[in-house]
Amino acid sequence: MQLFLLLKFVQVLFCYNIPMKQILKFPENFLWGAASASYQVEGGIYNNDWAEASRLGKVPSAGESTDHYNRYAEDFDLAKSLGHNAHRISIEWSRIEPEEGKFDLAEIEHYKKVLTAMHERGLKSMVTLWHFTIPVWFSDMGGFANRRSSEIFARYAQFVTKHLHEYADMFDTMNEPMVFSSNGYRNGQWPPFKKNYFAFLRVIKNLIRSHNLAYSKIKKEIPQINLGVVKNNMHFSSDWKPWNWVAAKFMRWFWNRRFLNAVHKKCDHIGLNYYFHSHLGRSLGLPKNDFGWDFDPSGLYHVLIDLKRYKKPVYVTEAGIADRADSMRPKYIRGLVLWAHNALQKGLDLRGFMYWSFADNFEWAAGYTQEFGMVHIEPKTLKRIPRESAYVYKTICESNALTIE
Ligand code: BGC
């Protein structure tokens with residue numbers, strides 16, 4: 001890589017036309033795919049806290065979404081044709097346990113079919129047991145602020161893994177615990193719309209307990225299961241001002257490491273979601289995506305390297321960009337893959353990369369206004385239309401490499 005950059009420099013400096021091509025190979029069996037989550041794509045979910053909040057007009061409604069619940073086979077056919085060999089989904093808790101302690105085996109059968117469909121197409125499956133939405137009955141009793149929440153979560157997680165472990169390749173207990181607790185209990189933007197710092201800290205504590213308890217119980221029953229957690233980490237940087245430097249250092253500990261420090265011993269792998277470079281101090285003037293978030297694929301490298309301390313296999317379980325016009329996404333994807341490769345070169349045990357998201361979907365409080373998909377969903381017909389970036393990614397997936405010219 002260094003030699004390549006040096007040659008490139010010489011080329012630019014002296015206007016030499018040195019034909020240069022570098023092929024950055026990924027390890028054999030590297031997983032390439034895309035990610036989604038139940039409430040964001042399935043459609044027809046009415047028994048969780050987000051559906052309830054939409055009935056009260058507090059958040060947009062997900063409605064039928066992309067109808068993935070019925071169209072999963074079509075989606076997996078498309079994923080396969082786009083060169084993917086893996087796919088990440090989540091299980092909708094409110095479908096499996098619609099009432100406290102009452103489990104719906106018909107919904108388990110549904111997810112068995114979904115996972116079998118993936119398997120038949122050669123897609124390795126990554127299953128998140130809980131991705132943000134909770135059943136109404138659980139929300140009514142305080143959700144993860146309730147002292148009993150870890151037992152309740154572990155019971156659900158045990159039930160799902162008992163029935164599905166033979167159908168999936170790996171599992172994660174939960175998605176982005178810090179984002180969930182911060183948006184729901186500190187910023188008041190997501191259900192249950194609280195702005196209470198103590199509740200925020202309590203929920204984090206309960207989520208740590210929930211993961212650890214679920215992991216211990218599940219591993220006791222199914223020792224061979226591959227079970228981890230999905231964590232959103234940000235790249236915090238600062239200008240030269242001492243208080244910004246201290247604040248960035250604090251955030252690297254508080255946001256990125258605190259949760260993982262408490263659960264990594266009960267993780268077979270770590271899933272990493274990367275979206276943000278948060279720079280404290282004078283703006284770096286980075287380009288913005290449709291959501292107003294900074295465009296900086298290199299931040300992925302920093303958050304990946306920071307995970308080396310846990311000595312676990314790592315998967316990028318999400319990284320992506322809101323870009324309706326698809327004008328930034330091809331460059332962003334290639335940038336992410338380049339920086340993921342750099343992390344591998346530096347000795348990180350990186351095993352896979354899931355782009356967020358396979359198709360446009362329900363983007364939480366932003367509803368359907370933001371489009372993260374490499375596949376565009378035509379709103380009226382729900383027709384799936386791959387964007388140019390899907391083919392850029394396909395070349396990477398199929399060659400298991402990034403080619404730089
Ligand atoms: C979440 C996704 C979300 C994406 C983009 C991640 O925080 O896991 O559910 O759609 O970011 O905002």
Side-chain angles (χ1 to χ4, degrees), residues 33-43 45 48-51 53-54 59-62 65-66 68 87-94 126-134 171-187 189-191 204 207 211 228-235 255-256 259-260 270-278 288-297 299-300 303 315-324 328-329 332-333 336 353-377 389:
S36 69
S38 58
Y39 192 62
Q40 294 181 268
V41 297
E42 284 185 1
I45 298 171
N48 71 23
D49 55 342
W50 274 80
S54 79
V59 291
S61 155
S65 192
T66 74
H68 177 74
H87 198 81
R88 176 174 172 238
I89 61 160
S90 80
I91 306 289
E92 176 59 30
W93 187 350
S94 67
M126 303 187 84
V127 175
T128 309
L129 297 171
W130 166 59
H131 193 122
F132 295 157
T133 51
I134 58 176
F171 291 86
D172 290 295
T173 52
M174 59 182 72
N175 181 70
E176 300 190 348
M178 293 299 287
V179 172
F180 170 83
S181 30
S182 140
N183 286 346
Y185 293 85
R186 196 189 52 150
N187 309 330
Q189 289 165 350
W190 288 5
I204 297 173
L207 291 174
H211 170 86
V229 74
V230 171
K231 180 73 182 50
N232 167 305
N233 282 359
M234 302 192 205
H235 172 40
W255 187 271
N256 290 353
F259 190 92
L260 285 174
I270 293 173
L272 183 272
N273 292 359
Y274 168 75
Y275 289 95
F276 298 102
H277 175 175
S278 172
K288 307 267 185 215
N289 67 26
D290 291 355
F291 227 155
W293 300 351
D294 282 345
F295 177 100
D296 181 15
L300 175 65
V303 288
Y315 295 84
V316 175
T317 34
E318 282 181 35
I321 184 167
D323 178 25
R324 174 171 293 163
M328 302 173 103
R329 190 178 288 107
Y332 193 63
I333 291 178
L336 290 169
F353 181 94
M354 304 294 122
Y355 175 78
W356 182 275
S357 186
F358 177 67
D360 298 337
N361 57 47
F362 177 74
E363 180 47 37
W364 306 112
Y368 290 102
T369 62
Q370 300 299 323
E371 299 187 0
F372 280 82
M374 54 173 62
V375 172
H376 174 60
I377 300 279
S389 49

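In each ligand, atom 1 is the first atom listed, and ligand 1 is the first ligand listed.
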Legend entry - First-shell residues of ligand 1 [heavy atom, distance under 4.0 Å]: Gln40, His131, Phe132, Asn175, Glu176, Asn273, Tyr275, Trp293, Glu318, Trp356, Glu363, Trp364, Phe372
Legend entry - Arg324-Asn289 side chain donor-acceptor pair, cut-off 3.5 Å: no
Legend entry - Where Phe259 and Val229 come nearest, the two heavy atoms and their spacing: CE2-CG2, 4.2 Å
Legend entry - Shortest non-hydrogen contact from Phe132 toward Phe180: O-CE1, 3.5 Å
Inset, instruction - Could you name each residue pair satisfying salt bridge (charged side-chain N to carboxylate O under 4.0 Å, His left out) that touches residues 178-187, not counting sequence neighbours? - result: none
Inset, instruction - Taking salt bridge (Lys or Arg N to Asp or Glu O under 4.0 Å) as the test, write out the residues that go with Asp294, two or more places apart. - result: Lys288
Inset, instruction - Would you please name every residue forming a ring pair (Phe, Tyr, Trp, His ring centres under 6.0 Å) with Tyr315, sequence neighbours left out? - result: His269
